[in-house]
Amino acid sequence: MTLSESSYSDRVVGIVVHHKSYDSIEATVALLIGDGIADSRVIVVDNGEEPHRRDELAALLPARVHLVFEQNGGYGAAVNRGLEYADSLGVPYDYVLVSTHECRVVKGAVATLVEALDRNADAAIVGPTLTSGEPNEFIWSAGGFLTPTLRLPRHYFHRASELPLFADIEFEREWLDGAFLITRRSALRDRAVDERFFMYMEEVDHHVALRNIGWKILWIPAARVWQSSGGIPPYYLGRNMQLFQRWNGTPFSRAAATPWSIGYRALSDVRNRKGLSSVSAMISGWMDSRHVRDAEDGPVVIVNPLGGALAHYESELTDVIHALGLRTTSLSEFEPSLSGDSRLGWLLAYFRLLIRSRSTRRRHVTVVVWPVLGYLDAVLVRVLAGSRVFVVLHDPSPLVRSFGYDGVSIWLARMLGRDRFIIHSQAAEGVTKSSGIEAAVLPHPVLAPIRRAGGVARLRVVRVLGQFKADRNLVALEEIARSLSGEDVTLEILGRGWPAVQGWSVTDGFLSEQDFDDAVDSASVVVIPYRKFFQSGVAIRCFERGTPVVGVGGTSLDDLVGNDRKLLVGPSYSPTWSEAVKYALDRRESGENQESNAVRVASLDGWSRWLESVS
């Protein structure tokens with residue numbers, strides 16, 4: 001059984017890497033659209049560097065297909081630029097389809113691959129059976145493996161006339177051919193494609209790296225895609241083989257794999273009387289590999305013990321770090337309320353994540369996005385994860401009694417775990433300083449604001465989003481309801497644990513990431529009814545998605561609203577909550593929006609300086 005196109009068309013974006021293949025690109029894109037990828041979600045990245053042919057290329061593509069022109073940095077660079085462009089569109093997506101310009105997808109292949117990813121939550125990438133040849137087709141790749149001793153990449157069933165009979169199942173592979181893949185977006189946040197290969201073997205490196213951090217790579221026999229391939233040019237075979245071995249090989253394979261491959265090619269060419277030009281090119285590539293630098297730093301490791309509640313924060317932090325040109329590796333665990341595990345099991349899983357972060361090769365720094373044991377985490381992370389590990393302290397003074405925030409825990413953190421914490425507001429700094437805790441004050445990570453096209457929705461909806469806590473200002477909400485009574489405005493509260501609030505419709509329940517984004521997008525205004533807070537993740541998400549927020553002035557919200565102080569409540573701001581909401585409604589209806597990227601720039605700036613200081 002395969003998915004209907006409507007069930008995945010809004011969850012997949014397609015990136016087609018194009019390089020001077022004007023005869024094939026039109027058919028490649030048309031077949032992708034015909035197999036269920038919406039034309040507005042197809043991005044063609046052209047790195048041919050032929051400005052005089054850009055109009056010709058555009059004329060070959062449907063009008064709603066996005067066309068991005070880039071300098072030729074190779075396959076990996078084109079994929080990474082395509083991802084950046086996809087993120088800038090402001091449309092949610094779960095999976096990324098990457099195709100080279102000559103692939104021809106067989107009807108139903110995309111649905112089959114998406115269904116496999118849906119079925120396997122631990123799979124990062126799925127790929128089809130690749131065929132080649134005209135008029136007589138043969139198997140090009142059924143996924144790949146690395147030879148045991150020299151770790152040389154090889155295809156399964158390469159050049160076979162047909163596959164054995166397989167049932168409708170999937171097979172785990174060490175790597176897949178990069179001509180046509182569907183990848184989970186979160187996996188690409190864990191590890192981007194390495195651009196230093198330029199072309200060929202970067203997918204092998206990428207898939208090995210993902211497997212090393214726990215992801216699976218799956219070949220799906222039932223999905224079929226045809227591609228044209230002439231193999232690897234000898235220069236890049238010699239160069240990239242050595243790069244792959246340098247970064248992924250054993251001491252023996254690093255020394256022997258490329259020379260063995262060169263010797264094998266020499267014997268083959270002599271036997272077939274082809275001369276030694278290809279061998280010479282391989283040797284040149286092998287020699288030139290010495291000039292490709294190793295990464296100066298390993299990845300920033302992100303440890304997230306609240307994989308559900310802090311999924312968006314993790315995405316924001318990952319996006320900021322990637323924008324700074326650094327790689328990330330994410331290690332996460334769902335909280336007991338989502339995983340069904342016991343609190344003890346969750347705590348032990350957190351310990352394992354910290355230990356795994358320590359073993360990450362050449363890590364730059366580790367950022368733990370939530371302190372499971374409060375201030376005691378400052379000591380714990382040093383013991384389990386080693387040096388250069390820091391913990392984001394979202395709430396240095398919780399409203400409810402929590403483990404690890406007592407005087408003894410604070411004293412231990414001050415004595416044994418100094419300078420381990422990251423905080424996001426001046427208010428939080430006041431609390432930590434009063435306890436003698438030194439912490440780095442960094443801007444809250446934020447995605448680039450989404451600029452949405454189109455008119456303003458007719459319905460006027462004011463929403464409160466998020467779980468109820470004791471610091472929620474119910475009096476303010478009742479004042480808003482009284483003032484807006486009789487007006488054509490819907491007042492809604494969406495979140496767990498809320499009591500009845502006069503004048504408001506309350507829906508008690510957990511919002512998934514997609515539900516939350518939909519609720520933000522369809523709201524005219526989001527109210528942040530907090531009496532006390534250090535920073536607001538809800539307000540950050542509203543800023544990212546262009547929805548006005550109303551809250552208390554003189555807080556971290558000031559940075560989000562900029563000069564638009566009437567959105568906030570207090571002295572020198574709007575005098576009442578209802579006046580701020582009315583102003584926000586009028587502002588939304590006029591089509592105004594926050595046009596400044598100042599918050600994003602400040603976030604990048606602050607994290608850049610900090611990451612440099614701890615390197």
Reference residue [X]; test side-chain contact (heavy atoms from CB on, under 4.5 Å); the match among [options]:
{"X": "Glu335", "options": "Leu306, Asp341, Asn304, Val372", "result": "Leu306"}
{"X": "Val526", "options": "Val461, Val462, Thr547", "result": "Thr547"}
{"X": "Val368", "options": "Leu331, Val392, Val389", "result": "Val389"}

task = Sorted by first residue and then second, give each salt bridge (Lys or Arg N to Asp or Glu O under 4.0 Å) pair with at least one member in residues 174-188; sequence neighbours left out.
result = Asp87-Arg185
request  = List the steps and the verdict of side chain to side chain contact (heavy atoms under 4.5 Å, CB included) for Phe543 and Ile540.
outcome  = CA-CA 5 Å; Phe543 169 81; Ile540 293 286; 5.7 Å; no
[X] [atom1] to [Y] [atom2] distance, which is reported to the nearest 0.5 Å:
{"X": "Asn80", "Y": "Tyr75", "atom1": "CG", "atom2": "OH", "result": "10.0 Å"}
{"X": "Leu181", "Y": "Leu97", "atom1": "CG", "atom2": "CG", "result": "8.5 Å"}
{"X": "Asp377", "Y": "Leu393", "atom1": "CG", "atom2": "CG", "result": "9.5 Å"}
{"X": "Leu353", "Y": "Thr366", "atom1": "CG", "atom2": "OG1", "result": "11.0 Å"}
{"X": "Arg388", "Y": "His364", "atom1": "CZ", "atom2": "NE2", "result": "6.5 Å"}
{"X": "Leu474", "Y": "Trp504", "atom1": "CG", "atom2": "CH2", "result": "11.0 Å"}

query = Can you name the side chain to side chain donor-acceptor pair (under 3.5 Å) partners of Arg382, sequence neighbours left out?
reply = none
Say whether, by atom type as modelled, one donor and one acceptor occur between the side chain of [X] and the main chain of [Y] under 3.5 angstrom.
{"X": "His206", "Y": "Trp175", "value": "no"}
{"X": "Trp346", "Y": "Pro305", "value": "yes"}
{"X": "Ser613", "Y": "Trp610", "value": "yes"}
{"X": "Arg358", "Y": "Val383", "value": "yes"}
{"X": "Asp508", "Y": "Gly497", "value": "yes"}
{"X": "Trp607", "Y": "Pro443", "value": "yes"}
{"X": "Arg420", "Y": "Val379", "value": "no"}
{"X": "Tyr350", "Y": "Leu373", "value": "no"}
{"X": "Glu172", "Y": "Lys216", "value": "no"}
{"X": "Asn473", "Y": "Ala476", "value": "yes"}

Checking [Y] against [X]: is there a side-chain donor and acceptor pair closer than 3.5 Å?
{"X": "Ser330", "Y": "Glu314", "answer": "yes"}
{"X": "Arg363", "Y": "Thr329", "answer": "no"}
{"X": "Asp406", "Y": "Ser409", "answer": "yes"}

inquiry  = I need the single residue from Arg545, Arg541, Arg463 that forms a salt bridge (charged side-chain N to carboxylate O under 4.0 Å, His left out) with Asp521. Which is it?
reply    =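 When Arg545, Arg541, Arg463 are each tested with Asp521, the salt bridge (charged side-chain N to carboxylate O under 4.0 Å, His left out) holds only for Arg545.
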Step-by-step ring pair (Phe, Tyr, Trp, His ring centres under 6.0 Å) determination, Trp219 to Tyr156 = CA-CA 10 Å; Trp219 165 56; Tyr156 284 99; 7.6 Å; no
Going by heavy atoms in the side chains, are [X] and [Y] under 4.5 Å from each other?
{"X": "Val13", "Y": "Tyr85", "result": "no"}
{"X": "Leu376", "Y": "Phe403", "result": "yes"}
{"X": "His394", "Y": "Leu310", "result": "yes"}
{"X": "Leu176", "Y": "Glu203", "result": "no"}
{"X": "Glu333", "Y": "Arg352", "result": "no"}

query = Taking the six-membered ring of Tyr93, is NZ or CZ of Arg11 closer than 6.0 Å to its centre and within 45° of its axis?
reply = no
Nearest atoms (heavy-atom pairs only) where [X] meets [Y]:
{"X": "Phe390", "Y": "Asp419", "answer": "CE2-O, 3.2 Å"}
{"X": "Thr129", "Y": "Pro221", "answer": "OG1-O, 3.0 Å"}
{"X": "Val126", "Y": "Ala116", "answer": "CG1-CB, 4.2 Å"}
{"X": "Leu210", "Y": "Ala124", "answer": "CD1-CB, 4.0 Å"}
{"X": "Gly82", "Y": "Ile15", "answer": "C-CD1, 3.5 Å"}
{"X": "Ala109", "Y": "Asp35", "answer": "N-OD2, 3.2 Å"}

key: All pairs passing ring-ring contact (aromatic ring centres under 6.0 Å, His included) where residues 409-436 contributes a residue, at least two apart   = Tyr313-His424, Tyr375-Phe421, His424-His444
task = Report the C-alpha distance between Ile493 and Leu477 in whole Å, list the side-chain angles of each, state the deciding distance to 0.1 Å, and finish with yes or no for side chain to side chain contact (heavy atoms under 4.5 Å, CB included).
result = CA-CA 10 Å; Ile493 298 174; Leu477 296 180; 4.1 Å; yes
key: Leu560/Val599 under side chain to side chain contact (heavy atoms under 4.5 Å, CB included): CA gap, chis, key distance, verdict   = CA-CA 7 Å; Leu560 293 183; Val599 176; 3.8 Å; yes
key: Aromatic ring proximity Trp247/Phe197, centre distance under 6.0 Å   = yes
task = List the steps and the verdict of side chain to side chain contact (heavy atoms under 4.5 Å, CB included) for Val303 and Arg356.
result = CA-CA 10 Å; Val303 176; Arg356 282 179 63 191; over 6 Å; no
